[in-house]
K.L.:
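Pasting in a structure now, in structure tokens, and then I'll have a few things to ask.
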Amino acid sequence: MCIKITRGAIVYFLLWLTLIGLGIGEDAISSPLTVAVLYPDIREPYRSIFRTIMNGIEERLGESVKKYALEENDNSQKISIWLKKEQIKAAIFLGSRGLLLAKKLEAEFEIVVGSVLTAPDENNLTGISLTPDPEALFQTLKEIAPQTRRITVIYNQEYSRWLIDRARISAKIYDFELNEFPTQDVREAAILYRDILSRMESGVDSIWIPQDPSFDEKTVLPPTLKEAWDRNLLIFSSNLAYIKNGVLFALYPDNKSMGRSLAELTLNKIHNDKNLGILPLHDLLMAVNIRTADHLGLKLTSSMRRKINLIFPPK
């Protein structure tokens with residue numbers, strides 16, 4: 001008997017061999033890839049943020065994505081039943097409410113978390129933190145103020161230790177001296193800010209304010225920025241909210257790109273079946289306070305200006 005082999009059949013066979021070679025099992029090839037995105041059902045403007053993240057996820061995964069708006073009374077048992085009913089391969093949990101549920105369900109399903117402030121060693125989850133990678137911050141500092149030699153950071157020892165470990169490596173890459181001051185509480189941090197500011201040298205030193213519970217924006221931010229303004233000291237932050245107060249620059253999430261990265265992380269987790277840990281955020285946009293830059297005498301090049309996504313004060 002003569003069997004006719006079509007060109008399409010040959011292509012399919014070669015693709016099958018390639019996927020097997022990459023370690024993607026036969027089940028993964030033959031089964032539909034259905035990914036759920038569970039997001040908090042909240043009001044605007046926060047709803048739009050999560051919608052943009054989901055657009056990025058859908059852009060990468062296509063129509064296989066199923067959405068579920070988490071309500072306050074949703075519990076892990078209810079979500080587990082829904083995920084099984086929908087035959088979900090993997091689930092992406094967004095926001096702090098999603099994180100709490102993800103911790104309870106991570107033994108049952110392939111789970112990725114996103115849009116949360118969480119440390120890698122808090123749990124065994126895979127995901128992307130909202131915390132900007134220190135390397136991106138330090139690269140921006142080097143480009144905006146290349147004369148800066150020292151970076152001082154005051155941080156909560158328990159909450160941000162993982163971030164400072166990464167920051168040490170990044171500081172070496174960009175030839176910065178990193179001065180670290182771990183604290184236990186807000187009161188101790190406030191004393192450190194006051195003491196360190198008095199010893200900083202204009203044009204040489206800078207302060208990095210991380211997203212950290214040790215920093216009280218109501219009591220510490222105003223006097224810190226006033227002292228910095230009076231003495232031409234450079235302060236940058238991982239928190240966009242401080243840019244309007246006078247921080248020189250901040251990096252903030254590129255939500256659509258973050259969605260695409262969460263989708264990639266989910267595919268990786270499905271195909272490799274292992275915990276990949278919590279990663280710092282690399283999908284970032286840049287905000288710069290031009291008034292502060294002018295006050296510090298910084299000359300932003302045209303290439304640098306093209307990288308700025310948000311300018312303060314608004315024109």
Side-chain angles (χ1 to χ4, degrees), residues 117 119 129-252 280 286-289 291-298 312:
L117 287 171
S129 171
L130 280 176
T131 303
D133 192 323
E135 183 174 351
L137 287 161
F138 295 176
Q139 181 184 20
T140 303
L141 177 63
K142 180 62 82 175
E143 290 174 352
I144 290 183
Q147 75 281 8
T148 304
R149 295 207 307 269
R150 288 189 292 263
I151 299 171
T152 293
V153 58
I154 299 165
Y155 66 97
N156 180 287
Q157 195 165 7
E158 182 178 354
Y159 187 86
S160 296
R161 186 179 62 250
W162 70 281
L163 193 66
I164 302 306
D165 289 343
R166 296 183 69 95
R168 284 190 205 105
I169 299 170
S170 301
K172 286 181 181 176
I173 292 172
Y174 294 101
D175 199 24
F176 289 123
E177 178 185 335
L178 185 67
N179 296 325
E180 312 161 22
F181 293 89
T183 65
Q184 300 290 336
D185 52 45
V186 173
R187 182 175 174 278
E188 186 181 357
I191 294 170
L192 277 170
Y193 270 101
R194 189 169 60 241
D195 180 53
I196 289 166
L197 274 166
S198 67
R199 293 185 278 119
M200 285 178 66
E201 184 179 347
S202 176
V204 174
D205 285 292
S206 65
I207 285 186
W208 164 32
I209 302 176
Q211 289 172 310
D212 190 305
S214 69
F215 188 75
D216 187 329
E217 63 183 42
K218 292 182 179 176
T219 60
V220 178
L221 184 62
T224 298
L225 291 180
K226 183 179 184 309
E227 177 84 1
W229 183 271
D230 291 345
R231 297 184 45 225
N232 287 346
L233 302 174
L234 193 159
I235 297 181
F236 63 100
S237 177
S238 305
N239 194 333
L240 176 64
Y242 302 157
I243 196 81
K244 66 179 184 297
N245 300 100
V247 163
L248 174 62
F249 74 87
L251 300 184
Y252 62 102
M286 178 171 39
V288 173
N289 190 314
R291 193 166 74 99
T292 302
D294 291 341
H295 181 73
L296 292 172
L298 300 173
F312 282 86

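Heads up: numbering here begins at 1 and tracks the sequence.
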K.L.:
Within this structure, what is the CD-CD1 distance for the pair Gln139 and Ile173, rounded to the nearest 0.5 Å?
P.N.:
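Here the interatomic distance stands at 9.5 Å.
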
K.L.:
Can you name the residues that form a salt bridge (Lys or Arg N to Asp or Glu O under 4.0 Å) with Glu177, not counting sequence neighbours?
P.N.:
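Counting only residues at least two positions away or on another chain, Glu177 forms no salt bridge (Lys or Arg N to Asp or Glu O under 4.0 Å).
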
K.L.:
Name the orientation class of the two ring planes belonging to Trp208 and Phe138 (parallel below 30°, tilted from 30 to 60°, perpendicular beyond 60°).
P.N.:
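Judged by the thresholds at 30° and 60°, the geometry between Trp208 and Phe138 is perpendicular.
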
K.L.:
Can you confirm whether Thr131 sits close enough to Trp162 that some side-chain heavy atom of one is under 4.5 Å from a side-chain heavy atom of the other?
P.N.:
yes

K.L.:
Give me the atom names and distance for the closest heavy-atom approach of Thr183 to Ser214.
P.N.:
OG1-CB, 3.5 Å

K.L.:
Start with the C-alpha distance between Phe249 and Ile144, add both sets of side-chain angles, then the distance that settles side-chain contact (heavy atoms from CB on, under 4.5 Å), and finish with yes or no.
P.N.:
CA-CA 9 Å; Phe249 74 87; Ile144 290 183; 3.9 Å; yes

K.L.:
Are Glu201 and Arg150 packed together at the side-chain level, in the sense that at least one heavy-atom pair is separated by less than 4.5 angstrom?
P.N.:
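Result yes, sub-4.5 Å side-chain heavy-atom pair found.
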
K.L.:
Measuring only between side-chain heavy atoms, which start at C-beta, is Thr152 closer than 4.5 Å to Met200?
P.N.:
no

K.L.:
Find the distance between CZ (Arg168) and CG (Leu163) and round it off to the nearest 0.5 Å.
P.N.:
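Between atom CZ of Arg168 and atom CG of Leu163 there are 10.5 Å.
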
K.L.:
To the nearest 0.5 Å, how far apart are OG1 in Thr224 and CD1 in Ile154?
P.N.:
8.0 Å

K.L.:
I'd like a table of donor-acceptor pairs (distance under 3.5 Å, sequence neighbours excluded) in which one partner is a side-chain atom from residues 186-198, with atom names and distances.
P.N.:
residue: Glu188; atom: OE1; partner: Gln184; partner atom: N; Å: 3.1
residue: Asp195; atom: OD2; partner: Arg199; partner atom: NH2; Å: 2.8
residue: Ser198; atom: OG; partner: Asp195; partner atom: O; Å: 2.5

K.L.:
Go through the structure and list residues passing salt bridge (Lys or Arg N to Asp or Glu O under 4.0 Å) with Lys226, not counting sequence neighbours.
P.N.:
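Expected list: Asp230.
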
K.L.:
If the condition is ring pair (Phe, Tyr, Trp, His ring centres under 6.0 Å), which residues does Tyr242 pass it with, not counting sequence neighbours?
P.N.:
Phe215

K.L.:
Show the nearest heavy-atom pair for residues Gln211 and Pro132, with the distance to one decimal.
P.N.:
OE1-CD, 3.6 Å

K.L.:
How would you list, by chain and number, every residue that makes a salt bridge (Lys or Arg N to Asp or Glu O under 4.0 Å) with Arg231, sequence neighbours excluded?
P.N.:
Glu227

K.L.:
Where is the tightest heavy-atom contact between Leu234 and Leu141, given as atom of each residue plus distance?
P.N.:
CD2-CD1, 3.8 Å

K.L.:
With a 4.5 Å cut-off on side-chain heavy atoms, are Leu248 and Leu298 touching?
P.N.:
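Yes - at least one pair of side-chain heavy atoms lies under 4.5 Å apart.
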
K.L.:
Could you tell me which non-hydrogen atom of Met286 sits nearest to which non-hydrogen atom of Thr140, and how far apart they are?
P.N.:
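Minimum heavy-atom contact is SD-CG2, 3.4 Å.
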
K.L.:
Counting distance only, does the side-chain N/O of Ser237 pair as donor-acceptor with the main-chain N or O of Ile209 below 3.5 Å?
P.N.:
yes

K.L.:
Nearest 0.5 Å, what's the CG-CZ distance between Asp205 and Arg149?
P.N.:
8.0 Å

K.L.:
Under 3.5 Å, is there a donor-acceptor pair between the side chain of Ser202 and the main chain of Asn232?
P.N.:
yes

K.L.:
Using every non-hydrogen atom in the two residues, find where Ser170 and Asp133 come nearest and quote the distance to one decimal.
P.N.:
OG-OD1, 4.4 Å

K.L.:
Dump the intermediate steps for side-chain contact (heavy atoms from CB on, under 4.5 Å) on Asn289 and Val247, then the final yes or no.
P.N.:
CA-CA 7 Å; Asn289 190 314; Val247 163; over 6 Å; no

K.L.:
With side-chain contact (heavy atoms from CB on, under 4.5 Å) as the test, would you mind laying out the steps for Ile207 and Leu233 before giving the verdict?
P.N.:
CA-CA 8 Å; Ile207 285 186; Leu233 302 174; over 6 Å; no

K.L.:
Can you measure from CD (Glu180) to CZ (Arg161) and round to the nearest 0.5 angstrom?
P.N.:
12.5 Å

K.L.:
What's the spacing between Leu251 CG and Ile243 CD1 if we round to 0.5 Å?
P.N.:
9.0 Å

K.L.:
Quick check: closest heavy atoms across Ser206 and Phe236, and the distance to 0.1 Å?
P.N.:
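Smallest heavy-atom distance, with atoms named: OG-CE2, 3.7 Å.
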
K.L.:
Checking Asp212 now: which residues fulfil salt bridge (Lys or Arg N to Asp or Glu O under 4.0 Å) with it, not counting sequence neighbours?
P.N.:
none

